[in-house]
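These notes concern the structure reproduced below.
Heavy atoms only: backbone and side chains are in, while hydrogens, waters and symmetry mates are out. Residue numbers begin at 1 in each chain, while the letters A, B, ... track the order of the sequences.
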Amino acid sequence: MVALAPPGEETLIHSRRTLFWLLTPAVALLLLTTTYPLVYALANSFRYWVLSRPGQERWVGFENYTRAFGDSDFLNSLLVSVNYTALAVVFAVSLGLGIALLLQKASRLHTFVKVLLIFPFAVSPALKGFSFRFMLDSHSGVFDAIADVIVRSVGWVLTLGGLVHYPAFQIGGLEAGRLTLLPALKFPVTADTIWLADGFWALFWMAMSEVWGWAPLFALMFLGALGSIDTDIFNAARIDGATSGRIFWHITLPLLRPVILIVTLLKIISSLRMFDQVVTMTGGGPGRATETINHLIYQVGFGRGLDMGYASAMAYILVVALSLFAFLYVRVLFRRA
Amino acid sequence: MTVTRARTPAMTGRPRPRLRWGNLMDTFASLLVVVFVLLPIFWLTLTAFKGQRDAFSLRLFFEPTLANFRTIFSDTYRAGDMLVDSLVVSSITILITLPVAIVAAYAFSRFRFRGSDLLLVWVLATQFLPPVVVLLPFYNLFRRPFGWLPESWLDVSFFDNLSRFTLLDTYAALIILNLSFTLPYAIWLLKGFVDALPGELEEAAYVDGSTTFGVLRHITFPLILPGIIVSAAFAFISTWNEFIFALVVGGQRVTTVQVGLNLMNSATGVIWGQMSAVGVLIMVPLIALSFLIRRHFVSGITSGAVK
């Protein structure tokens, strides 16, 4: 017999058999869909198994693993994934925090903006990739047009303020619909930057496509956490003469720390699994500048060679890295529950 | 960031210009957020209704046309079939996920047994596996009959005869793969809803001689119905958005909308008008659903339901 411990103090008696029937379907399905592939992939990672070369399968020990750590493609994909994760996490969390702090104060406009924050959620990852690729297009990209407008307005305002003579901004040659910035400004963009043809910018924009989707959702999470903080704390601090900066550093940020931790871990996990936008936005290019681990494994396993053994070994290296973060995350979640 | 100093009536005689400047900045920043959030969606929707000639122009005003939608629903692209495939895969996945997750969530919430925490950790952690790890073994399992047996155990000619009995490109294959990520967070989400219920009602029913399944059906189920709807919505969204499984396992007979989107990425470049039209088809049900589950976003994100 198993003792039932409901939220109340009373305990009821259930039979073991009931418990068994309640849990068996879920456990059986999860064994099939997650644990079985995990075990099977581990076994495959020690085998030479290329589908296009039937009849040559054999056990090779750690050969696939040693091959991975000597493979420049794999090491490159590790670096790409780490860089991408850093970009995505830093931008998504800080932007989410910024939006939350902005919308924290109750006003009609803020309520309206908060409703809009869920819209990016409606865009699937694959669609995010295409949508950003379209907006970054070198001929008709809307980003370049907007940047152009901004540069023009800044030039106009500066001229108005008598700080510079506007024609100075035309040295770079501002043409309609095309972003051309002054080389003298040392902005990292030059006149002819085709965003996705440049290694750094391709990775950057891929991260931004993900930041665009997640920052508003994180802002919603932060707003939820901020809403549960008693406003008396802020009022008391202000009456004591604390500046907004100090209130942020010493009150808001410490109170938000648990949520920030959860959100950061979650974003790290999802960034290490990045795949969809690589396919729809860059295809891993230019060169291998945006080839994440997942995309490389996909290419090796299903694309070029159908090399199941090697792909499984690389996938397992990723599993080890991911399970570290996954367990940290689950622990944090349990402590909260 | 924009926290202005508190101005109790005693402190402020009249509004100072600095406060108005702060309000202006606040409004400007809020509008910037609006532009940031809506721009990609707005631009995509606009492009979907543009004609061939306007697709590459930046014009905001143009003659709207349904030509792109007509093209994608024609026999060349068959967007209608894609929608059906996506709907079938999503709905069957949900129909399997929910009953299994409800009873498991009830067990996790109401029973304490040896290893119950460990089992729950396992359930929750499995969804964070990289999808390729799930895909590599299942691809081989689906590829041929008896895929779970090593290739060398069976005669090669045996496979030649049976090669058409493959699970690749079937609904079943995609549904099995989707279950690997919908089940964990559905269990966790629903467990939260059961946890929030007071135990007294159930106890009263048990005292009256009801069985566990009777209690589940007549008491717990109606009370956690909102949670069930939320879990169903999240399951729909994540299976609707799923890409890598559908890309590798599907593609010929079973083509989901996400893979259909990728079909617009031809060798000669992306066909932006049609891509945008498929994009609009993808977004419409999701926008509707996200308003339905607005209040549950936070739990959806923490449980891993939002990808």
Side-chain angles (χ1 to χ4, degrees), chain A residues 2 4-8 10 12 18-19 22-23 25-26 29-30 33-34 37 40-41 99 101-102 109 113 116 118-124 126-127 130-131 134-135 140 142 145 177 216-217 220-221 224 235 238 244 262 269 273 275-276 294 297-298 301-302 311-312 315 318-319 322 326 330, chain B residues 1-3 5-6 27 29-30 33-34 37 40-41 43-44 56 58 100 103-104 106-107 110-113 121 123-126 128-130 132-134 136-138 152 176 179-180 183 187 199 203 206 212 241 243-244 248 258 261-262 272 275 279 282-283 286-287 290 294 297-298 301-302:
Chain A
V2 181
L4 171 78
E10 298 88 343
L12 285 171
T18 316
L19 181 64
L22 289 176
L23 283 175
L29 272 176
L30 282 174
T33 59
T34 61
Y40 194 52
I99 295 175
L101 290 173
L102 172 72
L109 177 65
V113 180
L116 294 183
I118 58 171
F119 270 91
F121 179 63
V123 181
S124 70
L127 187 55
F130 272 128
S131 151
F134 183 48
M135 291 192 297
S140 57
V142 71
L217 296 183
L220 282 175
M221 284 194 76
N235 291 336
R238 276 184 215 123
S244 341
I262 283 204
I269 294 170
R273 292 154 43 119
F275 176 79
D276 299 10
N294 279 294
I297 298 170
Y298 163 81
F302 305 107
S312 301
L318 181 59
V319 167
L322 264 175
V330 172
Chain B
M1 226 173 150
T2 54
V3 181
R5 303 255 182 109
T27 309
S30 303
V33 173
V34 172
V37 166
I41 298 171
W43 200 247
L44 201 73
F56 278 101
L58 291 165
V100 173
V103 291
Y106 184 78
R110 292 296 192 238
F111 288 76
R112 294 245 135 249
F113 52 94
V121 168
V123 166
L124 204 59
T126 47
F128 296 122
L129 283 176
V132 275
V133 174
V134 178
L136 284 165
F138 269 108
S152 48
I176 292 171
L179 284 173
S180 72
L183 256 181
I187 292 174
E203 279 158 36
Y206 283 126
T212 306
N241 283 351
F243 181 64
I244 183 170
V248 174
Q258 307 295 337
L261 191 71
N262 201 38
W272 294 117
M275 185 280 292
I282 289 174
M283 287 192 298
L286 295 189
I287 288 176
S290 46
R294 257 184 71 195
F297 256 102
V298 173
I301 295 168
T302 46

Q | Side-chain heavy atoms of A:Phe275 within contact of B:Val132, under 4.5 Å | A | no
Q: Find the one option among B:Ala104, B:Gly279, B:Pro130, B:Ser290 whose heavy-atom pairs under 4.5 Å with chain A are most numerous.
A: B:Pro130
**Q.** Heavy-atom check, side chain of A:Leu127 versus side chain of B:Met275, under 4.5 Å
**A.** yes
Q) Heavy-atom distance under 4.5 Å to chain A: side chain of B:Leu44, backbone, both or neither? A) side chain
Q) Given side chains that start at C-beta, do those of A:Thr33 and B:Val134 come closer than 4.5 Å, heavy atoms only? A) no
Q. Does a side-chain heavy-atom distance below 4.5 Å link B:Leu136 with A:Ile297?
A. yes
Q) With only heavy atoms counted, which part of A:Pro120 is less than 4.5 Å from chain B, the side chain, the backbone, both or neither? A) both
Q) Which pair of non-hydrogen atoms, one from A:Pro37 and one from B:Val133, has the smallest distance, and what is that distance? A) CB-O, 3.8 Å
(Q) Would you say that B:Thr302 contacts A:Met221 through its side chain, given a criterion of any heavy-atom pair below 4.5 Å between the two side chains? (A) yes
Q: For chain A, find which of B:Val123, B:Thr27, B:Val248 contributes the most heavy-atom pairs closer than 4.5 angstrom.
A: B:Val248
Q) With side chains defined as the heavy atoms from C-beta onward, is the minimum distance between A:Phe130 and B:Asn262 less than 4.5 Å? A) yes
Q | Geometric class of the A:Phe121/B:Phe297 ring pair [parallel <30°, tilted 30-60°, perpendicular >60°] | A | perpendicular
Q) How close do A:Leu19 and B:Ala107 get, heavy atom to heavy atom, and via which atoms? A) CD1-CB, 4.0 Å
Q) What option among A:Leu318, A:Val113, A:Leu322, A:Asp276 has the most heavy-atom pairs under 4.5 Å with chain B? A) A:Asp276
Q.
At a 4.5 Å cut-off on heavy atoms, which part of B:Leu183 comes close to chain A: side chain, backbone, both, or neither?
A. side chain
Q: Sort B:Val37 into side chain, backbone, both or neither according to what part of it lies under 4.5 angstrom from a heavy atom of chain A.
A: both
